[in-house]
Student: 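Take a look at this one; I'll ask things after.
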Amino acid sequence: MLRFLIKRLLLASTTLVAISIVTFLLFFAVPSSPAWTQCGRNCSPERIAQVEQSLGLDQPITKQYTDFVKGIFVGRTINDAGTIRECEAPCLGYSFRSKEPVTDTIERSLPVTVSIVAGAMVVFLTVGIGLGMLAALKKGTVFDRVAIGASVGFASTQTYTLGGVLLLLLVYSTGLLPNPHYTPITQDPLDWAGGMLLPWITLGLINSALYARLSRAQMIETLQEDFVRTARAKGLSPRVVNRRHALRAAITPIITIAGVDLGAYLGGVVITESVFSLNGIGREAAQAVQDLNLPLVMATVLLAAFFIVAMNIIVDMLYAVIDPRVRLG
C-alpha cells in the first residue's frame, strides 16, 4: 500500500505540474491582453504598457511561472499597480479584476460548489443505484421498462432545460421551493438545505440516469457469475446472495465512475451554478477565462485537477477494501 501511494503521489505531482505549465502557455497564446480588459478599448499604448507592468505581464513567461510556483510554497512579494503586497503561502496571486487575493475568492466560492455536489451525489447515487439494482432484480417486468425508460429520458435532458423548467414550476409558479441561494451550513442548516434543494434535484435526476443504467447492467452480469450460482446452491437466501455477494461485486465499477464524477464536479459545476445564479468555483472559472484573469484561471484549473487526481487515488484504494481480489502494488 505504501509503495502504491508513493508512486501515485509522484505521478499526481507530475500531472499537476504539467497541467500548470500547459495552462500558463495557453494563456499567453491568446491574442488579446488582460490589460485591455483593465484599461478599456480607447486606452493608449503607453497606458496598456503601464497596466501590463502593474500586472507583471511585462516579465518573461518563465519568470512569471516560477514566481507563481514559488508563491504557492513560500509566498512572494507582488507589485499590484505600484502597491507592494506581501502574499503569504499558499499564494495564488491577486485577481486582475477584483484585486483581491485569489485564495479569498476560492474560500468564498468553494463551499458553494461543495454544497451543490455533496447533496446532488447523495441524490443520484441513492436513486440511480437503487433504481438500477431493483430493475436488474425485476428484469423484463413493467417496473424494469419504466425505470430504464425514465432514466433514458432524464439522461437526454440538459441541465439548463430541466433546471429552468423546475425553477418555473416549483419556484416562480407555485412557490413550493425557495429561490436557490447559498447560506453557510454553520449559519443556518435548514436555510442551507432549502437554498440548495433545487440544484440537488436537478443535478441528481440527470446523473441518476447514468448510474441506474450502469448499475442495472453490472448487476445483471454479476447475477450470472459462478460464485453467485454457488452461493445459491449452498442454500443462502436470495436477500443474502444479492446483498453480500452480487451487490458487492457489481458496485466496484460504479465506484470508479462516482469517484471521477466527484472529482470533476468539485472543480465546478458551471452550468448548474449559472442556471441557479450560484457563485461557485465553476462560475468563477468561466468568468476568469472571459476576463483573461490568469491568477484565478490558474487557481481554478489546478484545484479541479487536484480534485480529479486525488479522487482517482482514493478510488484505487477503495478497490482493495471492497473487492479482496484486488491488491495494490
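All of these numbers come straight from a predicted model, not from anything done at the bench.
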Student: Give, for atom OG of S151 and atom CG of N207, the distance between the pair rounded to the nearest 0.5 Å.
Tutor: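 Atom-to-atom, S151:OG and N207:CG are 12.5 Å apart.
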Student: Would T105 and E284 satisfy side-chain hydrogen bond (donor to acceptor under 3.5 Å, both in side chains), going step by step from the backbone distance to the final call?
Tutor: CA-CA 8 Å; T105 305; E284 292 285 357; 5.6 Å; no
Student: Please give me the minimum heavy-atom distance between G140 and R145, naming the atom from each residue.
Tutor: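 Answer, listing the atom of G140 first, then R145: O-NH1, 3.0 Å.
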Student: Do the non-hydrogen side-chain atoms of V102 and M298 ever get within less than 4.5 Å of each other?
Tutor: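 With C-beta onward as the side chain, the pair stays apart.
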Student: Between L205 and V127, does a side chain to side chain contact (heavy atoms under 4.5 Å, CB included) hold up when you go through it step by step?
Tutor: CA-CA 8 Å; L205 287 176; V127 175; 5.6 Å; no
Student: Report whether I271 and L266 are members of the same hydrophobic cluster (ILVMFWY, side-chain heavy atoms less than 4.5 Å apart, transitive linking).
Tutor: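 Hydrophobic grouping puts I271 with L266.
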Student: Does atom OH of Y160 have more than 12 heavy-atom neighbours from other groups under 6.0 Å away?
Tutor: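 No, because the 6.0 Å sphere around OH of Y160 holds 12 heavy atoms or fewer from other groups.
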Student: Is a donor from one side chain sitting under 3.5 angstrom from an acceptor on the other, for S20 and Y65?
Tutor: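 The criterion, which ignores hydrogens and geometry beyond distance, is satisfied for Y65 and S20.
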Student: Got a second to check how far L292's CG is from R97's CZ, nearest 0.5 Å?
Tutor: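 The distance works out to 11.0 Å.
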Student: Take T222 and F227 through the side chain to side chain contact (heavy atoms under 4.5 Å, CB included) test and state the conclusion after the steps.
Tutor: CA-CA 9 Å; T222 303; F227 70 90; 3.8 Å; yes
Student: Please say yes or no: joined through hydrophobic side-chain contacts below 4.5 Å, possibly via intermediate residues, are L110 and V301 part of one cluster?
Tutor: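 No, because L110 and V301 fall into different hydrophobic clusters, even though each may have its own neighbours under 4.5 Å.
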Student: Got a donor-acceptor contact below 3.5 angstrom from the D104 side chain to the E100 backbone?
Tutor: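 Such a contact is absent between D104 side chain and E100 backbone.
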Student: Do the side-chain N and O atoms of Y182 and N279 include a donor-acceptor pair separated by under 3.5 angstrom?
Tutor: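 Per modelled atom types, Y182 and N279 side chains form no pair under 3.5 Å.
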Student: Measuring from atom OG of S208 to atom CG of L203, what distance do you get when rounded to the nearest 0.5 angstrom?
Tutor: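 S208 atom OG to L203 atom CG measures 10.0 Å (nearest 0.5 Å).
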Student: Verify, without hydrogens or angle tests, whether T141 (side chain) and K138 (backbone) share a donor-acceptor contact under 3.5 angstrom.
Tutor: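 The answer is yes, because a donor-acceptor pair under 3.5 Å joins these two groups.
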Student: State the OG1-CZ distance between T66 and F24, to the nearest 0.5 angstrom.
Tutor: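 So the OG1 of T66 and the CZ of F24 are separated by 8.5 Å.
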Student: Evaluate the side chain to side chain contact (heavy atoms under 4.5 Å, CB included) criterion for residues R213 and R216: first the C-alpha distance (whole Å), next the side-chain angles of each, then the deciding distance (0.1 Å), finally the verdict.
Tutor: CA-CA 5 Å; R213 289 182 294 166; R216 177 184 179 272; 5.8 Å; no
Student: For L190, does its backbone N or O pair with a side-chain atom of D188 as donor and acceptor, under 3.5 Å?
Tutor: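 Between the backbone of L190 and the side chain of D188 there is a qualifying donor-acceptor contact (under 3.5 Å).
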Student: Any side-chain heavy-atom pair from I220 and K139 closer than 4.5 angstrom?
Tutor: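 The answer is yes; the side chains approach within 4.5 Å.
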Student: Quick check on the hydrophobic clustering: are I19 and L26 connected, directly or via other members, by side-chain heavy-atom contacts under 4.5 Å?
Tutor: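 I19 does not cluster with L26.
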Student: Please identify each residue that fulfils salt bridge (charged side-chain N to carboxylate O under 4.0 Å, His left out) with D67, with sequence neighbours left out.
Tutor: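 K63.
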Student: Contact between V270 and R283 at the side-chain level, heavy atoms closer than 4.5 Å - yes or no?
Tutor: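 Side chain of V270 against side chain of R283, heavy atoms only: no contact under 4.5 Å found.
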Student: Closest approach of S215 and G128, non-hydrogen atoms and distance?
Tutor: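 For S215 and G128, the tightest heavy-atom pair comes out as OG-O, 3.5 Å.
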Student: Would a distance-only check, ignoring hydrogens and angles, find a side-chain to backbone donor-acceptor pair under 3.5 Å from T113 to I281?
Tutor: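 Yes; judged by distance alone, with no hydrogens or angles, the pair exists.
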Student: Hey, mind stepping through T272 and Y265 against side chain to side chain contact (heavy atoms under 4.5 Å, CB included) and telling me if it holds?
Tutor: CA-CA 10 Å; T272 304; Y265 288 152; over 6 Å; no
Student: Would you say that M133 contacts I129 through its side chain, given a criterion of any heavy-atom pair below 4.5 Å between the two side chains?
Tutor: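 Side chain of M133 against side chain of I129, heavy atoms only: contact under 4.5 Å found.
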Student: Would you indicate whether the side-chain heavy atoms of D191 and H181 approach each other to under 4.5 Å?
Tutor: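 A side-chain contact under 4.5 Å exists here.
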Student: Nearest 0.5 Å, please: how far is CG in L262 from CD1 in I314?
Tutor: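 Going from CD1 on I314 over to CG on L262, the span is 8.0 Å.
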Student: Can you see which heavy atom on F306 is nearest to which on L16, and at what distance?
Tutor: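 Residues F306 and L16, closest heavy atoms: N-CD2, 3.7 Å.
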Student: Strictly distance-based, threshold 3.5 Å: is any side-chain N or O of T300 a donor or acceptor partner for the main-chain N or O of V297?
Tutor: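 Between the backbone of V297 and the side chain of T300 there is a qualifying donor-acceptor contact (under 3.5 Å).
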Student: Can you find a pair of side-chain heavy atoms, one from L167 and one from F276, that are under 4.5 Å apart?
Tutor: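 Side-chain contact under 4.5 Å: yes.
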Student: Do C87 and Y94 come within less than 4.5 Å of each other through their side chains, counting heavy atoms only?
Tutor: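 C87 reaches Y94 side chain to side chain.
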Student: Quick check: does any side chain N or O of N293 sit under 3.5 Å from a backbone N or O of F96, one acting as donor and the other as acceptor?
Tutor: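 Such a contact is found between N293 side chain and F96 backbone.
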Student: For the pair W200 (side chain) and A118 (backbone), establish whether a donor and an acceptor sit closer than 3.5 Å, ignoring hydrogens and angles.
Tutor: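 The answer is no, because no donor-acceptor pair under 3.5 Å joins these two groups.
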Student: Would you name the heavy atoms of G153 and T157 that are closest together and state the gap between them?
Tutor: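 Where G153 meets T157 most closely, the heavy atoms are O-OG1, 2.9 Å.
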Student: List the atom of A89, the atom of I72, and the distance in Å for their closest heavy-atom pair.
Tutor: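 Of all heavy-atom pairs spanning A89 and I72, the closest is CB-O, 3.7 Å.
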Student: Is V69 reachable from I61 through a run of hydrophobic residues whose side-chain heavy atoms are each under 4.5 Å from the next?
Tutor: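 Linked within one cluster.
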Student: Using a strict cut-off of less than 4.0 Å between a Lys/Arg side-chain nitrogen and an Asp/Glu carboxylate oxygen, indicate whether E88 and R76 qualify as a salt bridge.
Tutor: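 No, no charged N to carboxylate O under 4.0 Å.
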Student: Any non-hydrogen side-chain atom of P253 less than 4.5 Å from a side-chain atom of I257?
Tutor: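 The answer is no, as the side chains (C-beta and beyond) never meet within the 4.5 Å cut-off.
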Student: For W192 and T183, work out which heavy atoms get closest and say how close.
Tutor: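 So the minimum-distance heavy-atom pair works out to CD1-O, 3.0 Å.
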Student: Using only atom types and a distance under 3.5 Å, with no angle test, would you say the side chain of E273 pairs donor to acceptor with the backbone of G282?
Tutor: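 Yes: the side chain of E273 pairs with the backbone of G282.
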Student: Indicate if I254 and L137 have the same hydrophobic cluster label, given that clusters are the connected sets of ILVMFWY residues with side-chain heavy-atom separations under 4.5 angstrom.
Tutor: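 Linked, I254 and L137 end up in one cluster.
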Student: Between S173 (side chain only) and L168 (backbone N and O only), is there a donor and an acceptor less than 3.5 Å apart?
Tutor: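 Flag set: sc S173 to bb L168 pair under 3.5 Å.
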Student: Using atom types as modelled and distance alone, determine if a side-chain donor or acceptor of S115 lies under 3.5 Å from a backbone N or O of P111.
Tutor: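 Yes.
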Student: Kindly compute the distance separating CE (M121) from CG (D261), expressed to the nearest 0.5 Å.
Tutor: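 Those atoms lie 6.5 Å apart.
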